[in-house]
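Please read these numbers as outputs of a predicted model, since none were measured by experiment. Worth knowing before you read on, the calculation uses all heavy atoms, side chains too, and leaves out hydrogens, waters and symmetry mates.
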Amino acid sequence: MTELSDLTELLLSRIRDVEDYPELGVTFKDITPLLADPAAFTALTDALAGIAVRCGATKIVGLEARGFILGAPVAVRAGLGFIPVRKAGKLPGATLSQAYELEYGSAEIEVHAEDLSAGDRVMVVDDVLATGGTAEASLQLIRRAGAEVAGVAVLMELGFLGGRERLEPALKGAPLEALLTV
């Protein structure tokens, strides 16, 4: 087996399907067994850190909430700074905010205004790319702060939800890498 297929097999073996959660007809991809397995969590962290280094990132943005769990150790492993992008109203002090549309309504995310600046190359890290709304808003926020988007790296892409298609124009040529596509 190749190294990539070994990683894929390891990650998939630690992701649990939960039927009918959070509502009937939905199969939730639970990553908590992966996080609980030190070998799998380390392999995931190393893979995402490798992407960040290859893309020339200088900072990692983690999207609330599981992006924090993945992004912080990726930043440490890659020797980069970590910046949390939070839901509106969760950060003290001066923030930049970005509103975006969800399937059923809207939401808003924020970042500390001083955490990103010109010269920063920012890699967005999250657990899942679904419809792409939050990731797209984070790219807008990064650019409004004056930083450059180095790319987006996710553990898992839910290909059937069309997030990649939505996100590609906002990436403006920056890479989108998913370790798994389901």
Closest non-hydrogen atom pair, [X] against [Y]:
{"X": "Ala49", "Y": "Arg77", "result": "CB-CG, 3.6 Å"}
{"X": "Ala57", "Y": "Leu80", "result": "O-CD2, 3.4 Å"}
{"X": "Tyr100", "Y": "Ala137", "result": "CD2-CB, 3.5 Å"}
{"X": "Ile60", "Y": "Ala52", "result": "CD1-CB, 3.8 Å"}
{"X": "Pro175", "Y": "Cys55", "result": "CG-SG, 3.5 Å"}
{"X": "Ile69", "Y": "Pro73", "result": "O-CD, 3.1 Å"}

Is a donor on one side and an acceptor on the other found under 3.5 Å between the side chain of [X] and the backbone of [Y]?
{"X": "His112", "Y": "Pro92", "value": "yes"}
{"X": "Asp46", "Y": "Ala43", "value": "no"}
{"X": "Asp20", "Y": "Gly25", "value": "yes"}
{"X": "Arg16", "Y": "Thr32", "value": "no"}
{"X": "Ser13", "Y": "Leu10", "value": "yes"}
{"X": "Arg14", "Y": "Phe41", "value": "no"}

Given side chains that start at C-beta, do those of [X] and [Y] come closer than 4.5 Å, heavy atoms only?
{"X": "Leu139", "Y": "Val152", "answer": "yes"}
{"X": "Val111", "Y": "Gln98", "answer": "no"}
{"X": "Thr181", "Y": "Met156", "answer": "no"}
{"X": "Leu155", "Y": "Leu34", "answer": "yes"}
{"X": "Thr134", "Y": "Val85", "answer": "no"}
{"X": "Glu136", "Y": "Leu167", "answer": "yes"}
{"X": "Ile142", "Y": "Asp120", "answer": "no"}

Next on the checklist: Show me the pairs that pass salt bridge (charged side-chain N to carboxylate O under 4.0 Å, His left out) and involve residues 167-182, at least two apart or across chains.
Outcome noted: Arg54-Glu177
Interatomic distance, [X] atom [atom1] to [Y] atom [atom2] [nearest 0.5 angstrom]:
{"X": "Ile51", "Y": "Leu176", "atom1": "CD1", "atom2": "CG", "result": "9.5 Å"}
{"X": "Thr95", "Y": "Glu114", "atom1": "OG1", "atom2": "CD", "result": "9.5 Å"}
{"X": "Ser117", "Y": "Glu148", "atom1": "OG", "atom2": "CD", "result": "12.0 Å"}
{"X": "Leu12", "Y": "Thr8", "atom1": "CG", "atom2": "OG1", "result": "6.5 Å"}

Next on the checklist: As a quick check of understanding, evaluate side-chain hydrogen bond (donor to acceptor under 3.5 Å, both in side chains) for Thr27 and Glu19, giving each step before the final call.
Outcome noted: CA-CA 4 Å; Thr27 301; Glu19 300 298 329; 2.9 Å; yes
Checklist entry - Do Asp115 and Val61 pass the side-chain contact (heavy atoms from CB on, under 4.5 Å) test, and can you show the C-alpha distance, the side-chain angles, and the key distance before you say yes or no? => result CA-CA 10 Å; Asp115 287 347; Val61 154; over 6 Å; no
Hydrophobic clusters here meaning ILVMFWY residues chained together by side-chain heavy-atom distances under 4.5 Å, can you tell me if [X] and [Y] are in one?
{"X": "Phe82", "Y": "Leu44", "result": "yes"}
{"X": "Leu180", "Y": "Val74", "result": "yes"}
{"X": "Phe28", "Y": "Leu161", "result": "no"}
{"X": "Val122", "Y": "Val53", "result": "no"}
{"X": "Ile83", "Y": "Leu91", "result": "no"}

Kindly list each side-chain donor-acceptor pair under 3.5 angstrom involving residues 123-132, sequence neighbours excluded, with atom names and distances?
unit_1: Asp126; atom_1: OD1; unit_2: Gly67; atom_2: N; d: 3.3
unit_1: Asp127; atom_1: OD2; unit_2: Arg66; atom_2: NE; d: 2.3
unit_1: Asp127; atom_1: OD2; unit_2: Arg66; atom_2: NH2; d: 3.1

Checklist entry - Are Arg86 and Glu110 ion-paired here, with the side-chain N under 4.0 Å from a carboxylate O? => result no
Checklist entry - Step by step, would you call Glu64 with Ile109 a side-chain contact (heavy atoms from CB on, under 4.5 Å)? => result CA-CA 9 Å; Glu64 189 165 343; Ile109 55 174; over 6 Å; no
